[in-house]
Amino acid sequence: MPMSEERPPILGSWKRLYAVVLGELVLCILCFRVFTWVFS
């Protein structure tokens, strides 16, 4: 059974969507790291 190639709901391609999610994850990690550094 071949899988159908569905378009992602935003950004037009899955690679772009994955890149945005990964970038957001890295940004959250950096923000929490700075927050921890400032308030420790």
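- Chaining together hydrophobic side chains whose heavy atoms lie under 4.5 Å apart places Leu11 alongside Ile10, Trp14, Leu17, Tyr18, Val20.
- The side-chain contact (heavy atoms from CB on, under 4.5 Å) check on Ser13 picks up Lys15, Arg16, with sequence neighbours excluded.
- Listed by chain and residue number, nothing satisfies the ring pair (Phe, Tyr, Trp, His ring centres under 6.0 Å) test with Phe32 (two or more places apart in sequence, or in another chain).
- Across all non-hydrogen atoms, the minimal contact from Gly12 to Pro8 is C-CG, 3.8 Å.
- Following chains of ILVMFWY side-chain contacts shorter than 4.5 Å, one cannot reach Leu25 starting from Leu27, and the two form parts of different hydrophobic clusters.
- Through chains of ILVMFWY side-chain contacts below 4.5 Å, Leu30 is grouped with Val26.
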